[in-house]
Colleague: 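Can you read through this structure? Questions will come right after.
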Amino acid sequence: MSGGQQAWGPGVTAGHVPRRRLNAGVAGRASARPASFAVARRYRLDLREAGLVAVLLALAAVSWVVTAVQMSGMDMGRWTDPGPLGFFVTTWVVMLAAMMFPSVAPMVVAYARIGRHRRETGRYAPTGSTALFVAGYLVAWTVFGLAAYAIYGVLAMLVPGLFSSDPGGRYLAAGVILAAAVYQLTPAKNVALMKCRTPLDFILHRMRHGYFGALRMGVEHGTWCVACCWALMIGLFALGVMSIGWMALVGAFIALEKMLPWKRLANRTVAIALALIALGIAVAPGMVPGFGM
């Protein structure tokens with residue numbers, strides 16, 4: 001091999017670039033631009049989803065403030081009277097937004113993502129359906145709240161003093177919260193919790209199009225959420241439905257179960273916490289907020 005030639009491979013000199021290598025370089029440069037466009041497009045989609053989450057969290061924050069104002073001076077400890085029906089419904093819906101919007105955000109984002117993909121591919125997905133999905137979710141929880149309100153009123157009428165501040169009312173509260181702890185460990189709870197923790201699976205298997213379809217899907221998801229968390233919300237009635245502190249704790253329990261990656265650990269932790277609260281109410285009520293009176 002001569003000194004003016006550098007070995008690049010069989011039959012290739014320094015002044016010669018193989019056609020195969022040249023074509024690969026051209027193809028690489030040609031594909032770089034579409035790839036960068038794809039990344040930018042994906043980034044824009046992520047910004048939209050982040051904006052949706054920000055809206056839900058902002059609504060939750062405003063709802064916490066409104067709830068605190070509405071409930072000011074109304075917390076009377078365990079089994080607080082929920083008040084007139086109109087006041088209860090208004091307060092209940094605002095409470096739901098405060099407590100549930102953070103944990104339902106992944107489901108709402110998944111629904112919005114599917115709808116946006118359908119619109120981009122020329123399929124039917126009307127604008128505004130995400131808002132109806134959220135409305136349907138609130139409808140399911142509102143129906144549950146009305147049922148709980150009715151049961152509370154009937155029991156208070158049939159058994160005067162059942163929800164009083166005497167030891168009987170305290171032990172009833174402890175029993176309700178212990179029952180909520182036990183429900184955490186049941187197969188029914190596990191099935192409902194799985195539905196809440198797998199947004200895409202729920203949406204892809206129950207996708208319905210149009211405004212009515214969005215509302216119906218929201219109701220269905222809300223119903224699964226009720227099946228998952230009804231015992232926690234009944235426990236909130238026992239602890240004091242007008243208490244911001246207990247609201248925040250129950251809301252934190254719900255968020256932990258739905259959002260932490262360790263489902264079993266989160267579920268068992270909530271069960272243990274509920275059992276400890278029930279024990280404290282039964283044997284040391286003075287140490288539990290709202291139970292020392």
Side-chain angles (χ1 to χ4, degrees), residues 27-68 93-141 193-222 224-225 228-229 248 251-263 266:
R29 287 193 298 273
S31 62
R33 188 175 179 183
S36 64
F37 283 169
V39 170
R41 186 167 175 268
R42 177 63 180 273
Y43 182 67
R44 287 198 300 272
L45 294 183
D46 288 346
L47 283 181
R48 293 177 190 176
E49 293 174 2
L52 179 57
V53 172
V55 168
L56 289 170
L57 294 181
L59 289 173
V62 171
S63 298
W64 277 111
V65 174
V66 173
T67 300
V93 172
V94 177
M95 279 175 53
L96 291 174
M99 296 174 65
M100 300 298 188
F101 276 7
S103 59
V104 80
M107 181 68 74
V108 176
V109 168
Y111 178 83
R113 183 185 301 157
I114 296 295
R116 185 169 58 246
H117 177 72
R118 289 183 60 84
R119 284 190 292 273
E120 290 174 349
T121 54
R123 289 177 287 176
Y124 179 60
T127 304
S129 56
T130 301
L132 283 174
F133 179 86
V134 175
Y137 177 84
L138 292 176
V139 165
W141 269 111
L193 182 57
M194 284 299 297
K195 297 291 185 183
C196 293
R197 287 175 58 93
T198 53
L200 283 178
D201 179 72
F202 172 84
I203 291 171
L204 292 175
H205 285 85
R206 291 171 173 78
M207 191 68 191
R208 292 180 174 85
H209 310 303
Y211 291 119
F212 180 75
L215 184 66
R216 181 175 174 180
M217 285 184 66
V219 171
E220 288 184 8
H221 176 59
W224 278 113
C225 191
C228 176
C229 304
F253 285 163
I254 292 170
L256 286 174
E257 285 193 323
K258 292 186 179 181
M259 302 180 75
L260 280 185
W262 313 285
K263 179 179 76 72

Colleague: How many angstroms lie between atom CE of Met194 and atom CH2 of Trp224, to the nearest 0.5 angstrom?
Modeller: 11.5 Å
Colleague: Between Ala60 and Pro102, which heavy-atom pair has the shortest distance, and what is it?
Modeller: CB-CD, 3.9 Å
Colleague: How would you list, by chain and number, every residue that makes a side chain to side chain contact (heavy atoms under 4.5 Å, CB included) with Val66, sequence neighbours excluded?
Modeller: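 Here the qualifying residues are Val62, Gln70, Val94.
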Colleague: What's the shortest heavy-atom distance between Leu52 and Val109, and which atoms?
Modeller: CD2-CA, 4.0 Å
Colleague: For Phe212, does the CZ atom have more than 12 heavy-atom neighbours from other residues, nucleotides or ligands under 6.0 Å away?
Modeller: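 Incorrect, the count does not exceed 12.
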Colleague: Any idea which heavy atoms bring Lys258 and Cys229 closest together, and the distance?
Modeller: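 Smallest interatomic distance, heavy atoms only, reads CE-SG, 4.1 Å.
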Colleague: Please report the closest heavy-atom contact between Ser103 and Met259, naming both atoms and the distance.
Modeller: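 Nearest heavy atoms, Ser103 then Met259: CA-SD, 3.7 Å.
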Colleague: Show me the donor-acceptor pairs within less than 3.5 Å that the side chains of residues 126-135 make with the rest of the protein, sequence neighbours left out.
Modeller:
from	atom 1	to	atom 2	distance (Å)
Ser129	OG	Pro126	O	3.1

Colleague: Could you tell me whether the side chain of Arg208 and the main chain of Leu215 form a donor-acceptor pair under 3.5 Å?
Modeller: no
Colleague: To the nearest 0.5 Å, what is the distance between CH2 (Trp64) and CE (Met95)?
Modeller: 8.0 Å
Colleague: Do you know which two heavy atoms are closest between Lys195 and Phe202, and how far apart they sit?
Modeller: O-CB, 4.3 Å
Colleague: Enter the distance from Glu257:CD to Cys196:SG here, rounded to the nearest 0.5 Å.
Modeller: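 One finds 9.0 Å between CD of Glu257 and SG of Cys196.
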Colleague: Could you walk me through whether Ser63 and Phe101 pass the side chain to side chain contact (heavy atoms under 4.5 Å, CB included) check?
Modeller: CA-CA 10 Å; Ser63 298; Phe101 276 7; 5.7 Å; no
Colleague: Which value, rounded to the nearest 0.5 Å, describes the distance between Thr198 atom OG1 and Leu193 atom CG?
Modeller: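 Thr198 OG1 to Leu193 CG: 9.0 Å, rounded to 0.5 Å.
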Colleague: Drop me the distance from Cys228's SG to Ile254's CD1, to the nearest 0.5 angstrom.
Modeller: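 So the gap between those two atoms works out to 8.0 Å.
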Colleague: Would you please name every residue forming a salt bridge (Lys or Arg N to Asp or Glu O under 4.0 Å) with Arg113, sequence neighbours left out?
Modeller: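 Arg113 satisfies salt bridge (Lys or Arg N to Asp or Glu O under 4.0 Å) with Glu49 once adjacent residues are dropped.
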Colleague: Atom CE in Met107, atom NE2 in His221: separation rounded to 0.5 Å?
Modeller: 4.0 Å
